[in-house]
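First the structure, in the form of structure tokens, and then the observations on it.
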Amino acid sequence: MAYALGLPLVLIALWWVLSQGSTSPFVPKPVPLVTTFIDTWMGDKLLTDVLPSLGRFVVGTTLAIVLGIVIGLGVGLNLTLRSLTEPAFEFFRAVPPPILIPILGLIIGVGDEMKVAVIVLGAIWPVLLNTIEGVRAADSVQTETSRSYGISGFNRLRYQVVPSAAPQILAGVRQALPIGIILMVISEMFFSSSGLGFSIIEFQRRFAIAPMWSGIVLLGLIGFAVSMLFKLVERRLLRWYYGLKDIENGS
């Protein structure tokens, strides 16, 4: 933990030293920024902007993860389906999700459904493609052993395929989480009257520089918290995998 906090503390100290003689209104000093952060986000905006944004992020990213794993398992286990869908997946993966915001706004409307859909359409691809690759890379010896013992259907999926692909699936989830946060913010910059993205843009338009920076800091803290939470979950789900890695490294 000391190593994890070391670099941020050094950067904050460097920022504090370099900003002491600064008179620029566009780069706030650390102490006033902390005060602004508390005044801006620890009041009504916590309920009207922060929590709704987090709700959309959680719903959109959860849907992306579930759909990515389910579709990825189905496609990865079927060679014909994989061959048919691969060109379409590559095409849609290359389409930047923010471009779809005006279209989704017309089709779905400009409510929370559109914002959640943008997150799903962007965050699903790392999970989906990593799940497909994880299933394809399943150990052939394990597959033959399962077949020899008559393990098939759901039992094979549960006890052989998913555990084997789990490290790569979770690698896709790790990539999807920051994408979800980015798209949460971008989706709120269009057709929105609340949320972190909307508030940051409003601060920028009104030249409220310190509150704008405080919103950016808040997004960084949210990203850090999500990353730390994911690491705890990943360590728990893949404790067998990291145990094997520790044994291999020890030998």
Side-chain angles (χ1 to χ4, degrees), residues 49-76 81-82 84-136 165-202 204 215-216 218-231 233-234:
D49 292 309
V50 179
L51 294 183
S53 290
L54 291 177
R56 290 188 280 264
F57 164 71
V58 170
V59 173
T61 308
T62 301
L63 284 174
I65 292 170
V66 172
L67 290 173
I69 293 174
V70 171
I71 298 172
L73 289 173
V75 173
L81 188 59
R82 191 163 68 226
L84 290 173
T85 56
E86 187 172 7
F89 286 165
E90 292 299 327
F91 173 80
F92 286 111
R93 183 183 67 165
V95 177
I99 292 178
L100 301 176
I101 291 177
I103 299 173
L104 292 174
L106 292 173
I107 297 174
I108 303 176
V110 296
D112 289 347
E113 294 82 1
M114 180 271 288
K115 300 175 182 65
V116 170
V118 171
I119 295 172
V120 172
L121 290 175
I124 191 174
W125 298 110
V127 183
L128 173 60
L129 298 178
N130 273 274
T131 301
I132 293 173
E133 290 304 315
V135 173
R136 288 180 60 184
Q168 199 148 350
I169 292 174
L170 289 177
V173 174
R174 186 187 301 112
Q175 297 171 31
L177 292 174
I179 292 175
I181 293 176
I182 292 169
L183 293 176
M184 173 196 78
V185 176
I186 293 176
S187 67
E188 292 171 351
M189 292 179 175
F190 299 86
F191 311 121
S192 185
S193 59
S194 66
L196 279 169
F198 169 79
S199 294
I200 291 172
I201 286 294
E202 280 298 298
Q204 183 264 331
I216 295 171
L218 178 58
L219 286 173
L221 293 175
I222 291 172
F224 178 77
V226 169
S227 176
M228 291 298 101
L229 180 61
F230 173 76
K231 285 184 178 180
V233 174
E234 183 185 38

Next on the checklist: Could you tell me if the side chain of Gln168 sits less than 4.5 Å from the side chain of Thr131, heavy atoms only?
Outcome noted: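 They are not in side-chain contact.
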
Item to check | Lys231 side chain near Val226 side chain, heavy-atom distance below 4.5 Å | outcome: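 No, every pair of side-chain atoms sits at 4.5 Å or beyond.
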
To the nearest 0.5 Å, what is the distance between [atom1] ([X]) and [atom2] ([Y])?
{"X": "Ser194", "Y": "Lys115", "atom1": "OG", "atom2": "NZ", "answer": "6.5 Å"}
{"X": "Glu234", "Y": "Ser227", "atom1": "CD", "atom2": "OG", "answer": "9.5 Å"}
{"X": "Ile182", "Y": "Leu177", "atom1": "CD1", "atom2": "CG", "answer": "11.0 Å"}

Return the set of residues passing side chain to side chain contact (heavy atoms under 4.5 Å, CB included) with [X] (not counting sequence neighbours), or none when no residue passes.
{"X": "Ile108", "answer": "Leu104, Glu113, Ala117"}
{"X": "Ala171", "answer": "Asn130, Arg174"}
{"X": "Ile179", "answer": "Ala123, Pro126, Leu183"}

Show me the side-chain donor-acceptor pairs of residues 56-75 shorter than 3.5 Å, one per line, residues at least two apart or across chains.
{"from": "Arg56", "atom 1": "NE", "to": "Glu188", "atom 2": "OE2", "distance (Å)": "3.2"}
{"from": "Arg56", "atom 1": "NH1", "to": "Asp112", "atom 2": "OD1", "distance (Å)": "2.7"}
{"from": "Arg56", "atom 1": "NH2", "to": "Glu188", "atom 2": "OE2", "distance (Å)": "2.9"}
{"from": "Thr61", "atom 1": "OG1", "to": "Phe57", "atom 2": "O", "distance (Å)": "2.7"}
{"from": "Thr62", "atom 1": "OG1", "to": "Val58", "atom 2": "O", "distance (Å)": "2.6"}

Report, one line per pair, each donor and acceptor closer than 3.5 Å where one atom sits in a side chain of residues 89-98; sequence neighbours left out.
{"from": "Glu90", "atom 1": "OE1", "to": "Arg93", "atom 2": "NH2", "distance (Å)": "2.7"}

Item to check | Partners meeting salt bridge (Lys or Arg N to Asp or Glu O under 4.0 Å) with Arg136 (sequence neighbours left out) | outcome: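 Listed in chain order: Glu133.
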
Checklist entry - What's the verdict on side chain to side chain contact (heavy atoms under 4.5 Å, CB included) for Val50 and Leu196, showing C-alpha distance, side-chain angles and the deciding distance? => result CA-CA 6 Å; Val50 179; Leu196 279 169; 4.2 Å; yes

